[in-house]
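The chains referred to below are lettered A, B, ... by the order of the sequence lines, with proteins before strands, and numbering in each begins at 1.
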Amino acid sequence: MVKKADSSAASPPQNDTVEYLLRLGDDRLVLGHRLSEWCGHAPILEEDIALANIALDLVGQANLLLTLAGQTENAGRDADALAYLRDGLDYRNTLLAELPKGDFAFTIARQFFFSVYSMLLADALRQSAIKDLAGIAEKMLKETRYHVRHSGDWMLKLGDGTEESHARLQSAVDELWRYTGELFLTDDIEQRLVERKVAVDCSRLEAGWREQVNGVLRESGIKTPEVKWMQRGGRIGRHTEHLGHMLAEMQILQRQHPGAEW
Amino acid sequence: MNRSAPPFSVEELYTVLNAVMDPEVPVLSVVELGIVRGVDVDDERVTVSVTPTYSGCPAIAVIERDIVAALHAYGVEDVQVKTIYSPAWTTDWIPADAREKLRAYGIAPPGPADHDAPVAIGRRRAAVRCPYCGSIETDIQSDFGSTACKAIHVCRSCRQPFEEFKAI
């Protein structure tokens, strides 16, 4: 059975597309910003550089997706306007992306869960009927493969490392697992776009995701959590308290000095 | 006015663009890197199609500015830069002579990009040849380096850390 998130009323086709592009863009913008919080704080220099690079890829992907969303919407909003001048209620990212960065194990586990999902999504999205979106997906796929390898390598190192690294990773996986279900929730908006060959039915990505993720968890010696209830809400603007705090920091400059450039 | 022939030929414009160097890898031009995907001359307007390397590459804004500046300096007044996304940029577009320039500059050139193979998690990758001493006794330090497009390695033979332009 196809799981469904709460759906909004019927809307013109381009509104569906804008909504879909916001979901894709917001996941990457919010997660990219969270990852950028490690800059200057990572455990070793190489890792500081790696996390900042991955954050840059994600924010870059968000820039392309939000630019396309603004062009499709055709209401004069560019990527900056969408990133800096929307309130939390208008953000469409999954809850997984917005959780505070936690410790290094938490960040790695989240990156791994998201990157595998993003890789599968980008792979399928290369067939999108919207040519620019297909092109962005092709680029996303190439970059995300490096992200999967980076976080996957660390999953093995932490899970199969010291007692402490193992315990921290297990705890991170246990905490994050309930947020992974939302990645695969589809709804009427997405289904209408699937019919038009614009979007990917994300519920069809779940089996492949579980196979890859469970394989790495097994190899890391980490137990797959038995969680029945999955958190949801981000796709319809119902966020955790954490997003508002993050946006306050991310948006403060444009809110206090509208139009500022440097 | 007679407009039968465009004032600029595509060939001469490519010669101009071949002198526009990548700001991060100044031994390669934006043409050699495959960032320039096409040049169109329509009357007096010149449109240069470019494709970004990495989504978040901060150099792309500088590259676009440098392209416009070079063509202005050449006498083209009306320059448009158009960004295209498909096909996505790949290091496979960098020609052999440009790869040798990279190596001579101290950056190991990219191997072939393979995006269909499964991601090898926790597997040792094939060693990258040291651009300084040619040894294959090298270890990767990180897939991510000083810019989005480079990985960091260290050579066990000559002890030199070096960067690799990674395949994508």
The reported gap from CG in A:Leu158 to CD in A:Glu164 (rounded to nearest 0.5 angstrom) is 10.5 Å

Sort A:Ala134 into side chain, backbone, both or neither according to what part of it lies under 4.5 angstrom from a heavy atom of chain B. neither

Taking the side chain as every heavy atom from C-beta outward, state whether B:Val41 and B:Val10 have any pair of such atoms under 4.5 Å apart. yes

If you check both backbone and side chains, which donor-acceptor pairs between chain A and chain B fall under 3.5 Å?
from: A:Asn53; atom 1: OD1; to: B:Ala148; atom 2: N; distance (Å): 3.4
from: A:Asn53; atom 1: ND2; to: B:Gly145; atom 2: O; distance (Å): 2.9
from: A:Lys139; atom 1: NZ; to: B:Pro52; atom 2: O; distance (Å): 2.8
from: A:Lys139; atom 1: NZ; to: B:Thr53; atom 2: O; distance (Å): 2.5
from: A:Glu143; atom 1: OE1; to: B:Ser55; atom 2: OG; distance (Å): 2.9
from: A:Glu143; atom 1: OE2; to: B:Ser55; atom 2: N; distance (Å): 2.6
from: A:Glu143; atom 1: OE2; to: B:Ser55; atom 2: OG; distance (Å): 3.1
from: A:Arg145; atom 1: NH1; to: B:His115; atom 2: O; distance (Å): 3.4
from: A:Arg145; atom 1: NH1; to: B:Ala117; atom 2: O; distance (Å): 2.8
from: A:Arg145; atom 1: NH2; to: B:Asp114; atom 2: O; distance (Å): 3.3
from: A:Arg145; atom 1: NH2; to: B:Ala117; atom 2: O; distance (Å): 2.8
from: A:Tyr146; atom 1: OH; to: B:Ala167; atom 2: O; distance (Å): 2.5
from: A:Arg149; atom 1: NE; to: B:Asp143; atom 2: OD2; distance (Å): 3.0
from: A:Arg149; atom 1: NH2; to: B:Asp143; atom 2: OD1; distance (Å): 3.2
from: A:Arg149; atom 1: NH2; to: B:Asp143; atom 2: OD2; distance (Å): 3.1
from: A:Asp153; atom 1: OD1; to: B:Gly122; atom 2: N; distance (Å): 2.5

Name the region of A:Met155, side chain, backbone, both or neither, that has any atom closer than 4.5 Å to a heavy atom of chain B. neither

Can you say whether B:Ala120 sits under 4.5 Å from chain A via the side chain, the backbone, both, or neither, judging by heavy atoms? backbone

Determine, step by step, whether B:Val16 and B:Phe8 satisfy the side chain to side chain contact (heavy atoms under 4.5 Å, CB included) criterion, reporting the C-alpha distance in whole Å, the side-chain angles of both residues, the deciding distance to 0.1 Å, and the verdict. CA-CA 11 Å; B:Val16 175; B:Phe8 301 101; over 6 Å; no

ring-ring contact (aromatic ring centres under 6.0 Å, His included) with A:Phe113: which of A:Trp177, A:Phe106, A:Phe184? A:Trp177

A:Phe114 side chain reached by A:Leu176 side chain, heavy atoms, under 4.5 Å: no

Any heavy-atom pair between the side chains of A:Leu31 and A:Glu98 that's under 4.5 Å? no

Working to the nearest 0.5 angstrom, can you tell me the gap between B:Ile63 CD1 and B:Leu17 CG? 12.0 Å

Which one, A:Leu133, A:Val216, A:Leu156, A:Leu58, leads in non-hydrogen pairs under 4.5 Å with chain B? A:Leu156

Backbone of A:Leu183 reached by a side-chain donor or acceptor of A:Thr94 within 3.5 Å: no

Ionic contact status for A:Asp26 with A:Arg92, cut-off 4.0 Å: no

Could you tell me which of A:Leu141, A:Leu51, A:Leu64 has the largest number of non-hydrogen atom pairs under 4.5 Å with chain B? A:Leu64

In terms of heavy-atom pairs under 4.5 Å with chain A, which of B:Ile84, B:Ile168, B:Ile152, B:Ile60 leads? B:Ile168

For the candidates A:Gly135, A:Gly215, A:Gly152, which exhibits the highest count of non-hydrogen atom pairs separated by less than 4.5 Å from chain B? A:Gly135

Please report the interatomic distance CE(A:Met119) to CG(A:Leu205), rounded to the nearest 0.5 Å. 11.0 Å

At a heavy-atom separation under 4.5 Å, does A:Val148 approach chain B through its side chain, its backbone, both, or neither? both

Proximity breakdown for B:Pro118 and chain A, heavy-atom pairs closer than 4.5 Å: backbone

